[in-house]
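One structure is given below, encoded as structure tokens.
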Amino acid sequence: MSGNLSREALLKWAPLIVLLVLIALFTVLEPRFLTVRNLARIAISASPALMVAIGVTFVIIMGSIDLSMEGTVSVSAVVFAYAFLGLGGTVLGLGWLALPLALLVGACIGLVNGLVHVKLKIPSFMASLAMGFVGTGLALLLTGGDRVRVEDEVFRGLLTERLLGFPLMVYVAGLFLLLAWFIQSRTALGRNFYAVGGGEELAHASGLNVSRVRVLGFTLAGMFYAVGALLAVGRIGIAETATGNNFMFMSITSVVVGGTALWGGIGGVWNTLVGVLIVNVIGNGMVVIGLPGYVQDGVLGAMVIAAVVLSTDRKSVAFVK
């Protein structure tokens with residue numbers, strides 16, 4: 001009994017301990033790592049990734065998987081940029097309408113994603129992977145491979161305007177993190193995500209409409225992907241087909257390393273925050289101390305394997321879905 005308790009405690013706090021150890025290690029190796037300027041650089045990189053990772057967290061808690069984030073981010077970014085420019089190109093004018101439009105686009109892709117998975121009974125990873133390709137293709141169709149520049153000073157203020165040394169986009173990400181936590185812990189929908197992930201048959205038996213919960217989960221994920229898209233455009237001032245590149249690896253790695261179980265029912269958005277910070281601290285720290293990028297990829301890959309091995313009960317898990 002005490003062994004199980006110690007194992008659970010270790011698994012619960014291990015990601016945070018790893019994060020603190022990494023920060024201490026990089027600070028010892030390079031004191032400039034722990035400056036406000038460098039921490040702001042980490043936060044800027046982490047903000048879009050956190051939004052995408054939060055979206056996929058909801059899906060993984062349900063025991064499903066979502067691989068559509070790259071296509072959803074790209075098409076949401078491109079639609080936002082074209083609509084924003086078409087409506088005057090400034091947040092102070094009608095351009096602000098492009099912001100909720102982007103969220104709607106992300107939510108609609110998530111809705112279709114969920115419906116394809118549930119109604120056609122296609123495994124979630126296949127349905128979402130296909131939708132991701134559709135999104136990337138649609139973004140390429142809209143742009144013709146070109147970049148769409150968003151140069152409005154007010155919108156770019158997400159990056160350029162700072163409070164306590166950190167840009168506004170970090171605080172926007174923080175607000176959406178709090179919204180995600182509220183949905184997860186204070187709403188019936190959030191509790192239903194855990195119920196479905198904890199045991200679909202049991203959830204069915206208790207009268208829960210599992211199909212509806214799954215569709216809503218994918219829709220919510222799509223909305224958060226779109227928030228990530230907006231922050232990504234705010235960071236670089238450009239929307240293109242490649243805007244969503246690398247978000248799949250980064251987000252799922254962050255969720256797993258943060259301690260959310262791939263089979264569902266365990267974890268949450270705070271775990272994901274820690275996971276995103278671990279991934280970005282490793283990336284930034286290795287650049288600061290001068291290690292090449294492929295070493296970073298190797299370390300992240302090893303951490304994913306270690307996180308899954310440590311969090312999996314081999315006796316109770318007979319297969320990997």
Side-chain angles (χ1 to χ4, degrees), residues 13-54 56-57 69-70 73 156-174 176-177 228-238 240 242-260 269-308 310:
W13 295 106
L16 183 58
I17 293 170
V18 168
L19 176 61
L20 295 175
V21 168
L22 285 170
I23 292 172
L25 175 63
F26 286 127
T27 303
V28 169
L29 293 174
E30 176 51 75
R32 288 179 301 171
F33 177 83
L34 206 59
T35 60
V36 171
R37 183 172 182 173
N38 192 55
L39 293 177
R41 194 177 292 124
I42 293 171
I44 291 168
S45 174
S47 293
L50 175 61
M51 296 298 95
V52 177
I54 285 174
V56 80
T57 298
M69 61 282 289
E70 293 189 355
V73 167
R156 292 305 309 284
L158 284 169
L159 177 68
T160 58
E161 295 296 324
R162 302 209 168 201
L163 181 64
L164 301 176
F166 291 85
L168 294 181
M169 64 187 299
V170 175
Y171 297 97
V172 171
F176 275 96
L177 171 65
L230 293 175
L231 294 183
V233 175
R235 184 176 65 183
I236 61 175
I238 293 171
E240 58 180 330
T243 301
N245 285 6
N246 207 35
F247 274 114
M248 184 190 300
F249 173 76
M250 293 293 284
S251 59
I252 294 179
T253 297
S254 299
V255 172
V256 173
V257 169
T260 295
V269 297
W270 296 114
N271 297 78
T272 296
L273 172 63
V274 173
V276 168
L277 290 176
I278 288 174
V279 170
N280 282 275
V281 162
I282 289 174
N284 176 274
M286 289 192 173
V287 169
V288 168
I289 65 175
L291 290 177
Y294 62 83
V295 177
Q296 173 193 343
D297 293 340
V299 170
L300 289 177
M303 287 193 69
V304 171
I305 294 171
V308 173
L310 288 173

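Every value quoted in this text rests on a predicted model; they were computed, and no experiment measured them.
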Practice prompt. Return the minimal non-hydrogen interatomic distance between Glu70 and Asn246, and the atom names on each side.
Written response: OE2-N, 3.1 Å
Practice prompt. Output the distance between atom CZ (Phe247) and atom CE (Met51), rounded to the nearest 0.5 Å.
Written response: 11.0 Å
Worksheet, complete the sentence: ring-ring contact (aromatic ring centres under 6.0 Å, His included) filter on Phe176, not counting sequence neighbours, yields none
Item to complete: Could you give me the CA-CA distance, side-chain angles and deciding distance for Phe33 and Ile23, then say whether side chain to side chain contact (heavy atoms under 4.5 Å, CB included) is met?
Response: CA-CA 8 Å; Phe33 177 83; Ile23 292 172; 4.2 Å; yes
Worksheet item: Which residues satisfy the side-chain hydrogen bond (donor to acceptor under 3.5 Å, both in side chains) test with Ser251, sequence neighbours excluded?
Response: none
Worksheet entry | Any donor-acceptor pair under 3.5 Å from Thr253 side chain to Phe249 backbone | yes
Worksheet entry | Qualifying residue for side chain to side chain contact (heavy atoms under 4.5 Å, CB included) with Leu39, from Val281, Leu34, Asn284 | Leu34
Worksheet item: Can you tell me how far the CD1 atom of Ile42 sits from the CD1 atom of Ile282, to the nearest 0.5 Å?
Response: 11.0 Å
Fill in: Reference residue Val18; test side chain to side chain contact (heavy atoms under 4.5 Å, CB included); the match among Leu22, Leu16, Val21, Leu20
Leu22
Response to the item:
All heavy atoms of Pro15 vs all of Gly258, minimum pair found to be CG-O, 3.4 Å
Worksheet item: Closest approach of Met69 and Met248, non-hydrogen atoms and distance?
Response: SD-CA, 3.7 Å
Fill in: All salt bridge (Lys or Arg N to Asp or Glu O under 4.0 Å) counterparts of Arg32, not counting sequence neighbours
Glu30
Response to the item:
Distance col, row Met286:CE vs Leu29:CG, nearest 0.5 angstrom, shows 10.5 Å
Worksheet item: Considering all heavy atoms of both residues, which atom of Phe26 and which atom of Ile289 are nearest to each other, and what is their separation?
Response: CE2-CD1, 3.9 Å
Practice prompt. Apply side-chain hydrogen bond (donor to acceptor under 3.5 Å, both in side chains) to Asn280 and list each qualifying residue two or more places apart in sequence or on a separate chain.
Written response: Ser45
Fill in: CD1-CG distance between Ile44 and Leu231, expressed to the nearest 0.5 angstrom
11.5 Å
Worksheet, complete the sentence: Closest non-hydrogen atoms of Val279 and Ser254, given as atom of the first, atom of the second and distance, are CG2-OG, 3.6 Å
Discussion item. Quick check: closest heavy atoms across Ala53 and Val276, and the distance to 0.1 Å?
Written reply: CB-CG2, 3.8 Å
Worksheet item: Are a donor atom and an acceptor atom from the side chains of Thr57 and Thr272 found within less than 3.5 Å of each other?
Response: yes
Which pairs of donor and acceptor atoms, one on a side chain in residues 158-171, lie under 3.5 Å apart (sequence neighbours left out)?
{"from": "Thr160", "atom 1": "OG1", "to": "Arg156", "atom 2": "O", "distance (Å)": "3.3"}
{"from": "Arg162", "atom 1": "NH1", "to": "Gly165", "atom 2": "O", "distance (Å)": "3.2"}
{"from": "Tyr171", "atom 1": "OH", "to": "Leu163", "atom 2": "O", "distance (Å)": "2.5"}

Practice prompt. Using side chain to side chain contact (heavy atoms under 4.5 Å, CB included) as the criterion, list what pairs up with Leu277, not counting sequence neighbours.
Written response: Leu19, Leu273
